[in-house]
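For reference, the structure is listed below as structure tokens.
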Amino acid sequence: MITEKLLIRVKGASTVTVLTGAGISAESGVPTFRGKDGLWNNQQFEELANISTFEHEPQKFWDFYNWRREKLKNIKPNLGHFALVDFERHFSEFHLITQNVDNLHRVAGSKHILELHGNLNRNRCSQCSAIEEHGSDKIKVPKCQKCGGNMRPDVVLFGESLNQEILREAQEASASCEVFFSIGTSGLVEPAASLPYLAKANGAYLVEINEEDTPLTPNVSESIRGPSGKILPRLAILFDKLFT
Ligand code: OAD
Ligand code: ZN
């Protein structure tokens with residue numbers, strides 16, 4: 001349910017932070033990680049998406065990532081992604097923190113994006129950290145043009161920690177916002193899972209949009225059940241009215 005209270009809090013807010021997870025891309029045809037048909041249901045995939053597989057069996061590792069890229073090749077943002085582009089216009093400070101690596105928020109046109117888990121479109125050199133913006137999905141084990149090192153997708157793998165600078169920015173954006181939206185995430189993976197609690201501890205109005213209950217649900221100010229591709233456009237229309 002969308003309440004009057006939410007609209008009042010949004011109208012009075014100048015700083016808003018959004019956290020998204022795989023659920024927001026589900027309606028674009030991207031499989032989530034833990035649901036039915038979830039990518040991590042296959043134990044083998046969890047082993048493949050691992051830093052040690054990249055280091056010891058780069059060919060096997062890249063076969064998996066080329067397959068993932070191939071699957072994401074023709075996907076497009078859905079109405080949920082586009083609604084968040086609309087949200088951004090209303091607030092002097094707006095941050096979109098995403099755990100997704102699918103690039104769809106960028107394609108939709110969102111601006112202040114913090115990609116906590118990286119971006120599957122990019123490659124990064126494992127030796128000199130050089131970035132290649134559009135990694136090919138054809139090359140077996142791509143090499144760095146600068147130093148010849150093995151390239152890897154610029155995403156966080158199992159066995160690795162997050163980019164600390166991006167994490168710090170995400171924590172600041174969460175701690176300082178007046179309204180925080182947690183959208184389409186199971187809230188099971190740290191440190192992202194702690195961000196809504198950080199917002200709440202600092203007085204933010206905490207809103208969850210998800211098809212199901214999560215561990216966060218009992219702690220939110222407001223829970224809106226249903227697909228984000230339907231709920232977010234509804235909210236965007238209400239927000240447009242609030243600010244005109
Ligand atoms: P999960 O697969 O764990 O959770 C997806 C969430 O989206 C669930 O709570 C679903 O109920 C919800 N959901 C599904 N379809 C939805 C829809 N149409 N509208 C709204 N909600 C919907 O995915 P994440 O929480 O994103 O990390 O997983 C977090 C991280 O775990 C991922 O970023 C990934 C994974 O390991 C890395 O790869 C580093
Ligand atoms: Zn290099």
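All ligand and atom numbering here is 1-based and tracks the order in the structure. Because only heavy atoms are used, hydrogens play no part in the values below, and waters and symmetry mates are left out as well, while side chains stay in. Residues: numbered from 1 along the sequence shown.
- Near V156, meaning under 4.0 Å from any of its heavy atoms, are these atoms of ligand 1: 39 (C).
- Counting heavy atoms from C-beta on, the side chains of I166 and I97 never come closer than 4.5 Å.
- Selection from S228, S182, G187 by nearest heavy atom to atom 19 (N) of ligand 1 gives S228.
- Taking 4.5 Å as the limit, some side-chain heavy atom of P215 sits within range of a side-chain heavy atom of L188.
- Counting protein heavy atoms only, atom 38 (O) of ligand 1 is closest to W40 CZ2, 3.8 Å.
- Looking at V189 against ligand 1, only its side chain comes within 4.0 Å, counting heavy atoms.
- Counting heavy atoms under 4.0 Å from ligand 1, residue A26 touches it through the side chain alone.
- Of all atoms in ligand 1, numbered sequentially from 1 with element shown, those under 4.0 Å from a heavy atom of E27 are 17 (C), 18 (N), 19 (N).
- At least one N/O-N/O distance between F33 and ligand 1 falls below 3.5 Å.
- A 4.5 Å side-chain heavy-atom check between Y65 and V155 finds at least one atom pair inside the cut-off.
- Salt bridge annotation for E160-R152: present, with a cationic side-chain nitrogen under 4.0 angstrom from a carboxylate oxygen.
- Each of E208, E212, E211 was checked for a salt bridge (Lys or Arg N to Asp or Glu O under 4.0 Å) with R225, and the lone residue meeting it is E208.
- In this structure, R106 pairs ionically with E115, as a charged nitrogen and a carboxylate oxygen lie closer than 4.0 Å.
- Note on ligand 1: A192 sits outside its first shell, no heavy atom being nearer than 4.0 Å.
- The closest protein non-hydrogen atom to atom 10 (C) of ligand 1 is N210 OD1, 3.4 Å.
- Heavy atoms of E211 found under 4.0 angstrom from ligand 1 belong to the backbone as well as the side chain.
- Residue contacts with ligand 1 for Q99 involve both N, CA, C or O and side-chain atoms from C-beta outward (heavy atoms, distance under 4.0 Å).
- Each of the following atoms of ligand 1 lies closer than 4.0 Å to a heavy atom of G184: 5 (C), 6 (C), 7 (O), 21 (N).
- Ring geometry for F239 versus H90: interplanar angle over 60°, hence perpendicular rather than tilted (30 to 60°).
- Side-chain contact between L167 and L116 is present, with at least one heavy-atom pair separated by less than 4.5 Å.
- Of all atoms in ligand 1, listed by their number and element, those nearer than 4.0 Å to a heavy atom of G21 are 26 (O).
- Remark: F158 engages W40 in a ring-ring contact (aromatic ring centres under 6.0 Å, His included) (not counting sequence neighbours).
- Under the 4.5 Å side-chain heavy-atom criterion for ILVMFWY residues, a single connected hydrophobic cluster contains both F87 and L7.
- The one candidate from T17, V179, V16, T15 that meets the side-chain contact (heavy atoms from CB on, under 4.5 Å) condition with F91 is V16.
- Atom 17 (C) of ligand 1 has its closest protein heavy atom at G23 O, 3.3 Å.
- Every atom of ligand 1 is numbered from 1 in the order shown, and the set under 4.0 Å from a heavy atom of P227 is 17 (C), 18 (N), 19 (N).
- Salt-bridge annotation for K73 and E70: present, with a side-chain N of the basic residue lying under 4.0 Å from a carboxylate O of the acidic one.
- Among the atoms of R34, some N or O lies under 3.5 angstrom from an N or O of ligand 1.
- Of the listed residues (H117, E160, R225), the one carrying the non-hydrogen atom nearest atom 37 (C) of ligand 1 is H117.
- Summarising the local packing, CD of Q59 is surrounded by more than 12 heavy atoms from other residues, nucleotides or ligands at distances under 6.0 Å.
- L242 and L238 fall within a single hydrophobic cluster, where Ile, Leu, Val, Met, Phe, Trp and Tyr are joined by side-chain heavy atoms under 4.5 Å apart, directly or via other members.
- Close approach to G226 involves these atoms of ligand 1, each under 4.0 Å from a residue heavy atom: 19 (N), 20 (C).
- Two residues are said to be in side-chain contact when any heavy atoms from C-beta on lie closer than 4.5 Å; I209 and L232 meet this criterion.
- With a 6.0 Å radius and a threshold of 12 heavy atoms from other residues, nucleotides or ligands, E165 has its CD atom at or below the threshold.
- Considering G80, A22, P31 only, the shortest heavy-atom separation from atom 24 (P) of ligand 1 involves A22.
- For the Zn ion (ligand 2), protein N, O or S atoms closer than 2.8 Å were enumerated as C125 SG, C128 SG, C144 SG, C147 SG, with waters left out.
- Of the protein's heavy atoms, T185 OG1, 2.7 Å lies nearest to atom 25 (O) of ligand 1.
- Polar contact check, T214 against ligand 1: no nitrogen or oxygen pair lies under 3.5 Å apart.
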